[in-house]
Amino acid sequence: MGVREAEERETLEIKSRHEVDTTRLIDPVSSSQQRKEKTTSPSSPEKSRHPSKINHTTASASVVSPTKKSRKSSATTSTRSPSALFSCSYLIIIILVVTVLLLGVTLDSFLHHQKDPIGCEVSYMYPEYIKQVGFDSEQTRFAGKYGLYLYKDLSYDRGDQPIGIPALFIPGNAGSYRQVRSIASETSKLYYGNRSELWNNGLRSIDFFTVDFNEELSAFHGHSLLEQAEYINDAIRYILSLYPLVRKNQQTGPSLQVYPDPTSVIIIGHSMGGVVARTLFTMPNYQPGSINTILTMSSPHLLPPAPFDWQISKIYTDINDFWRNGYFQNSTRNSLEDVTLISIAGGNLDTVVCSDSANISPLVPASHGFTVFTTSIPNVWTAMDHQCILWCDQLVGVVANSLLSVVDIRRAEQTKPRPERMLAFRKVLLGGFDEPAEGGHYEPKRGSFGIINLEKLPHRFLDMGERLVLNNSESIPRVYLMSIPPSAPHSALNAFSLLTDQSLSEGSGLDILLCHVMPTEAAFFTPAIAPHMKRGIELQFWTDPTCSAPLSVDIVLDWYGSFGKMVMRFQTVLAAFPFVTIMMTLRAQLREYNNGEPFPSFVYGLSLFVRQTLPKLLVAVSVLSIYQSIAVFPKTYSLAELFIMDYVPEDLRKIVMDRAPLNV
């Protein structure tokens, strides 16, 4: 019995070892557990008494588990066959080649085609920056973070105190406070060369203060932009506090005229500095009336240049809504009724900020500001890049002239009234083409003229946009009627221009009248006269209308040269698209792994994204962009721009002739 039992135990032990070796080949996890049980079996009396039962249970469990897993492995292997992997590789290679080709074409088109010539000359100066140590932590909580300096040009002024009219320069994203030197130096040069002629007209030198933000990245961080705005409001309050004592010391002589203490500061902002300047009015520490003139250079007013921070987008929404409504809220604390805003854009050479975003026409009425490109400024006539716009000698001379033309030390605001400021800015920056008929008065004078009966006077209806040429050959009075289109966004028919060498005084023989049909049919008169809205480029040719010489203009579309401009116009999308691609590829990898598959490679995840998710994503983005532009932002776009109605002049003629008397 002892021998047989020993043989049976030996046979059973050999069988158990065979089963353990088998499970070790099938399931490494189960084999490790068995190895642990086998190692601890001598110390466990119950397990040593029934080794066959333990081994049998372990073996059976180890057989079921690998069978289930082997099916998944086989399914995975069948799904990712070598042909599929090669097709994925081919797809990635094709995408890579196409991407490289498109990138090369874009760079070549952008850098070597439709390139404006660089015509700027360098300006020279002898700058000195005087740090305002009195603007400490008692004045602002950002004294340890930012700094305030007073610029002096050693060629003209060696003092360390402000003596003229205060102005403040705000640098842009990663900008330096030293960038004020060109404009400030040219202003000093222009003033000290002509001060004797304009001294009695309130002209004085301009004290340029400048802010040191330590080249902070305000375009990427909304909180930094708000901190800068708060600091500047504190700086303005400090700057204004310097002048009462200075003016008192200047008025010691009996023959000197007493001038009021300044209550406002002129603001010059570059790039994001212009956005910070508009943010000042929305801050709690803004002092009402402390700003009435803002001049911005290459500032993205409409859209943030790097919309990666949600707070930046919110700030833009808040300040743009405030500026759209600020001119109509005269009773509010932060009214913009007396504020003028001038925006100067660099044109095609500015590859940092799209010049279209410098347009302020959707935010500011024409009576309070305008946008001008450097290519259209008289005596400049050249495009500029993002930094060149601060030191280009042709432009800084014009900017200095415009600033000196609006200052007036005899007024507490230190500037001329708003209509006179706008007249001066238009004359210097626009060449005087948009000057009003009567100097400085932009609000038309309206008075009751009477009733005109078209049945008794010769008349003619003009089509929308038709040019009318009048000369002295007509001896009989004639009435010309042109309809006033209803206000619509982006309508090209939004202004009436008159070019004449005759005086528009009373009795001159030429009257411009605003009329309406009697009885008033305003509601019916407006679906009948839907304007033919146009968008795109507008060309103006100043010619003699009486000259019979033909005018021929050939316009050819440069597809290759325009491709680079079109792509670089949306450069933020180029930066965001790789990030979105990587995130969506990671999503595809995690989705495969969560389904029980082995974690796929990046190439396989990218192929899944391109084949499955990318087409749906492009369709969704296209639909959402159209919905956002039409439904969410109706102030910018409207359905009328998608479904344009042609203007029919017969409708106006029929309405007026049915009701011939006109009230004017």
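The analysis underlying the following values was restricted to heavy atoms, covering all of them including side chains, and did not include hydrogens, waters or symmetry mates.
- Within the 3.5 Å criterion, the main-chain N or O of P166 finds no donor-acceptor partner in the side chain of D207.
- Using a 4.5 Å heavy-atom threshold, the side chains of Q228 and V211 count as separate.
- Remark: Y231 OH to I170 CD1 distance equals 11.5 Å, nearest 0.5 Å.
- Using a 4.5 Å heavy-atom cutoff, the side chains of L303 and Y316 are not in contact.
- If you check the side chains of R278 and N320, you find a donor sitting under 3.5 Å from an acceptor.
- Of the possible polar contacts, one joining the D309 side chain to the G222 backbone as a donor-acceptor pair under 3.5 Å is found.
- Checked by atom type and distance alone, the side chain of D408 pairs as donor or acceptor with a backbone atom of R410 at under 3.5 Å.
- S299 places a side-chain N or O within donor-acceptor distance of the main-chain N or O of S271, the cut-off being under 3.5 Å.
- Side-chain atoms of R237 never come within 3.5 Å of backbone atoms of S290 as a donor-acceptor pair (strictly under, hydrogens ignored).
- Under the 30°/60° scheme for interplanar angles, the aromatic rings of H386 and H270 are found to be tilted.
- By the 4.5 Å heavy-atom criterion applied to side chains, L240 and P262 are counted as neighbours.
- Note: L295 CG to L341 CG = 8.5 Å, rounded to the nearest 0.5 Å.
- At distances below 3.5 Å, at least one donor-acceptor pair connects side-chain atoms of K416 with backbone N or O atoms of S405.
- The shortest non-hydrogen separation linking A424 to V406 is CB-CG1, 3.9 Å.
- Of the residues R421, H368, R418, the one that meets the side chain to side chain donor-acceptor pair (under 3.5 Å) test with D338 is R421.
- Side-chain N or O atoms of T371 include none that pairs as donor or acceptor with a backbone N or O of S343 at under 3.5 Å.
- In this structure, the side chains of I239 and L148 come closer than 4.5 Å at one or more pairs of heavy atoms.
- Exactly one residue among I312, V275, N173, L226 makes a side-chain contact (heavy atoms from CB on, under 4.5 Å) with S218. That residue is N173.
- Contact of the I267 side chain with the I236 side chain is registered, since non-hydrogen atoms from C-beta on lie closer than 4.5 Å.
- No side-chain donor-acceptor contact under 3.5 Å links S205 and D157.
- Using modelled atom types, no side-chain atom of R178 and backbone atom of P127 make a donor-acceptor pair closer than 3.5 Å.
- Proximity of M272 to P305: side-chain heavy atoms (C-beta onward) are separated by under 4.5 Å at one or more points.
- At a cut-off of 3.5 Å, with distance as the only test, no side-chain donor of D212 or Y129 sits close to an acceptor on the other residue.
- Judged by distance alone, the side chains of S185 and D153 do bring a donor and an acceptor atom under 3.5 Å apart.
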Show the numbers, then the answer: is there a side chain to side chain contact (heavy atoms under 4.5 Å, CB included) between V180 and I268? CA-CA 9 Å; V180 72; I268 301 99; over 6 Å; no
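- Looking at heavy atoms from C-beta onward, T351 lies out of side-chain contact with D385 at the 4.5 angstrom threshold.
- In terms of modelled atom types and a separation under 3.5 Å, the side chain of Q311 and the main chain of H223 share a donor-acceptor contact.
- The shortest side-chain heavy-atom distance between Y259 and R204 falls under the 4.5 Å cut-off.
- Using modelled atom types, one side-chain atom of S123 and one backbone atom of W391 make a donor-acceptor pair closer than 3.5 Å.
- Screening Y146, Y149, F209, Y151 for a ring-ring contact (aromatic ring centres under 6.0 Å, His included) with Y177, the sole residue that qualifies is Y149.
- With L395 as reference, T374 is the one residue of T374, T382, N379 to meet the side-chain contact (heavy atoms from CB on, under 4.5 Å) rule.
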